[in-house]
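Report on the following structure.
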Amino acid sequence: MRIQKSAEDYLETILRLTLRNGSVRSIDIATDLGFSKPSVSTAMKRLRENGYIIVKPHGLIELTEQGREIADKIYERHTLLTEYLTTIGVPHDIAEQDACKIEHILSEETFARIRDHAERNSRKNRPE
C-alpha cells in the first residue's frame, strides 16, 4: 500500500505522540509539527475518511489497525535510519532530518539491507 509522504508523516507523529503522551489531539500534532490547526484538521479528516484514524469523543485521535501498520513501518525506518546515520558520524539533529526524508523513498529491499547491516554491526560491537 502506498500513501503520500505527508500522510505517512502524520501517522508517524500520531504514533510517536501516543507512545509519549498516551493520547493525542489535533492540537498536539499541530504543535509537534509546527503546522496550523486548520491544516492539521484537514489532514485528520482525510486520514479518517481513508480509514487510517478514528476520532474519539473529546477529539482524541487513535490509529486504526491499517494506520498503525503504516505508522509502525515509518517509525521503524525513522528510528533505525537516525541511529545508523549517527553511528557513521552524522550529528544527531542532521541525522533526524535526513532520516525523515529518506524513510519515505527507500525500497523495502534497500531498507532490509540497511537493517541487516545495522544489526550485524550492532552484534559486532556488543561486549562479550
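Everything numeric here is computed off the predicted structure, so don't read it as measured data.
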Exercise: identify the closest heavy-atom pair between [X] and [Y]:
X   : Y    : result
T82 : A99  : OG1-CB, 3.3 Å
Y10 : S39  : OH-O, 4.0 Å
A71 : L63  : CB-CD1, 3.9 Å
T86 : A95  : CG2-CB, 3.6 Å
L80 : F111 : CD2-CE1, 3.9 Å

Residues, nucleotides or ligands: over 12 heavy atoms within 6.0 Å of E65 CD: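 Atom CD in E65 is not packed in, count stays at 12 or less.
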Less than 4.5 Å apart, any side-chain heavy atom of [X] and any of [Y]?
X    : Y   : value
L106 : L81 : yes
I53  : I14 : yes
Y84  : V90 : no
R48  : I54 : no

N/O donor-acceptor pair under 3.5 Å between [X] side chain and [Y] backbone:
X    : Y   : answer
T18  : S23 : no
R115 : E76 : no
R16  : Y75 : no
S26  : S41 : no

Name of the residue among T31, D32, L33 meeting side-chain contact (heavy atoms from CB on, under 4.5 Å) with I29: L33
Criterion side-chain contact (heavy atoms from CB on, under 4.5 Å) against K73, the qualifying member of E103, E12, E108: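 Single side-chain contact (heavy atoms from CB on, under 4.5 Å) partner of K73 among E103, E12, E108: E108.
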Ionic contact status for K5 with D9, cut-off 4.0 Å: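 Yes.
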Note: D28-R20 ion pair, threshold 4.0 Å (strictly below): no
Separation between CG of L15 and CD1 of I70, rounded to the nearest 0.5 Å: 12.0 Å
Rounded distance [0.5 Å steps], CD in E69 versus OG1 in T64: 9.5 Å
Candidate list E8, H104, E96, test side-chain hydrogen bond (donor to acceptor under 3.5 Å, both in side chains), partner H78, passing option: E96
Transitive ILVMFWY side-chain link L47 to I27, under 4.5 Å: no
Criterion side-chain contact (heavy atoms from CB on, under 4.5 Å) on K56 and I61, from CA distance to verdict: CA-CA 6 Å; K56 299 276 194 164; I61 299 168; over 6 Å; no
